[in-house]
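Below: one structure, written as structure tokens.
From a predicted model like this one, the values you see are computed outputs, not experimental measurements. Nothing fancy with the numbering, it's 1 onward along the sequence.
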Amino acid sequence: MSSAQDPFYIVKEEIQESANELDKTIDVAARDTSWYGIDRVEIDKRRRWISNAHAQVGSTKKAVVAGKEKERSSAYSARDNDDFISPESDSIGVIFWGMSDNRLDALCRQQDEELDELSANVIRIGDVGLTIHDELLAPDKIVNELGMEMDSTSNRLDFVQVTAIAI
């Protein structure tokens, strides 16, 4: 399976893109903390969190790559062994990976668990992104409401001035 089709790489790319987007939102908020109503401590806290997320993605990637390398090397050593089962065998794990069906099933279960964990991390990062998005929109909403109140007050003041002049 090519890396373009491998679910691990697809999810990994999504996580990296989400983490990069969070980096960008933190940078935007850091430029004018007063506008977004957050302080430097919160900016630093968010930077540490996203840095940890990047580190987790990197360590998971390294673990998967190391696991694949280990499987490849064990498959090659099994092929060099005279006891290696021939390709005529009906065991799919032995044919493709040089391992037993039980080992292949365990490997698939482990990969499924890792993908579930990555999926949960993607969802969590997405939720954080949405929270940051909402926090960034809140000041805009407040400014818009204040502008509407100012317009209303200005209109009432204009009416009172016109009435006062008429009297």
Side-chain angles (χ1 to χ4, degrees), residues 1-72 92 96-97 103-167:
M1 180 180 308
S2 73
S3 62
Q5 297 171 334
D6 189 341
F8 168 78
Y9 289 102
I10 293 170
V11 172
K12 181 186 90 63
E13 287 297 320
E14 289 175 4
I15 291 172
Q16 286 178 332
E17 288 174 16
S18 296
N20 291 339
E21 287 299 316
L22 287 173
D23 275 337
K24 291 176 187 175
T25 60
I26 292 169
D27 289 342
V28 168
R31 282 189 220 128
D32 191 1
T33 56
S34 62
W35 174 261
Y36 297 105
I38 55 178
D39 58 9
R40 286 286 172 199
V41 174
E42 180 66 20
I43 294 290
D44 292 340
K45 181 179 167 186
R46 291 177 186 190
R47 286 190 195 278
R48 280 191 304 275
W49 187 92
I50 197 66
S51 177
N52 287 339
H54 278 296
Q56 286 177 351
V57 169
S59 64
T60 303
K61 177 184 175 185
K62 287 177 186 174
V64 169
V65 169
K68 285 184 178 183
E69 289 300 320
K70 183 178 177 186
E71 291 301 325
R72 278 192 203 123
I92 293 173
F96 290 107
W97 297 98
R103 175 71 178 121
L104 185 61
D105 289 341
L107 183 63
C108 286
R109 278 193 303 277
Q110 179 186 0
Q111 188 177 26
D112 286 344
E113 290 169 4
E114 290 171 356
L115 286 172
D116 289 343
E117 185 178 332
L118 282 172
S119 177
N121 287 336
V122 167
I123 290 170
R124 192 170 346 140
I125 289 171
D127 290 344
V128 169
L130 290 174
T131 301
I132 291 172
H133 175 73
D134 291 343
E135 287 180 8
L136 294 175
L137 288 180
D140 189 42
K141 182 180 176 185
I142 292 170
V143 168
N144 286 339
E145 289 174 0
L146 182 61
M148 289 174 38
E149 288 178 23
M150 291 291 292
D151 289 344
S152 174
T153 302
S154 176
N155 288 339
R156 288 190 307 219
L157 185 58
D158 288 345
F159 177 74
V160 168
Q161 286 176 341
V162 168
T163 306
I165 292 173
I167 294 179

Step by step, work out the side-chain contact (heavy atoms from CB on, under 4.5 Å) result for Gln56 and Leu118. CA-CA 10 Å; Gln56 286 177 351; Leu118 282 172; over 6 Å; no
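- With hydrogens and angles disregarded, a donor-acceptor distance shorter than 3.5 Å links the side chain of Thr153 to the backbone of Glu149.
- Between Glu17 and Asn20 the shortest side-chain heavy-atom distance does not fall below 4.5 Å.
- Among all heavy-atom pairs drawn from Gly129 and Leu22, the shortest one is CA-CD2, 3.3 Å.
- Here the CG atom belonging to Asn121 is positioned 11.5 Å from the CD atom belonging to Glu114, to the nearest 0.5 angstrom.
- Remark: the backbone N or O of Glu14 is paired with a side-chain donor or acceptor of Ser18 at under 3.5 angstrom.
- Within the model, atoms CD1 of Ile132 and CG of Leu137 stand 12.0 Å from one another, a figure rounded to the nearest 0.5 Å.
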Are Arg48 and Asp44 close enough, and set up right, to give a side-chain contact (heavy atoms from CB on, under 4.5 Å), and what steps lead you there? CA-CA 6 Å; Arg48 280 191 304 275; Asp44 292 340; 3.7 Å; yes
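- Residues Thr131 and Glu135 form a side-chain contact, since some pair of their non-hydrogen atoms from C-beta on lies under 4.5 Å apart.
- Between Leu136 and Ala29, the shortest heavy-atom distance links the atoms CD2-CB, 4.2 Å.
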Under the criterion salt bridge (Lys or Arg N to Asp or Glu O under 4.0 Å), I'd like the reasoning laid out for Glu113 against Arg109: C-alpha separation, chi angles, the key distance, then a yes or no. CA-CA 6 Å; Glu113 290 169 4; Arg109 278 193 303 277; 5.9 Å; no
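- Considering CG of Asn155 and CE of Met150, their distance stands at 11.5 Å, rounded to 0.5 Å.
- Ionic pairing of Arg47 and Asp27 is present here: one or more N-O contacts between side-chain nitrogen and carboxylate oxygen are shorter than 4.0 angstrom.
- Contact of the Val28 side chain with the Trp35 side chain is not registered, since no non-hydrogen atoms from C-beta on lie closer than 4.5 Å.
- Although no hydrogens or angles enter the test, the distance criterion places no donor-acceptor pair under 3.5 Å between the side chain of Ser152 and the main chain of Met148.
- Looking at Glu42 and Ile26, their side chains never come closer than 4.5 Å, going by heavy atoms from C-beta outward.
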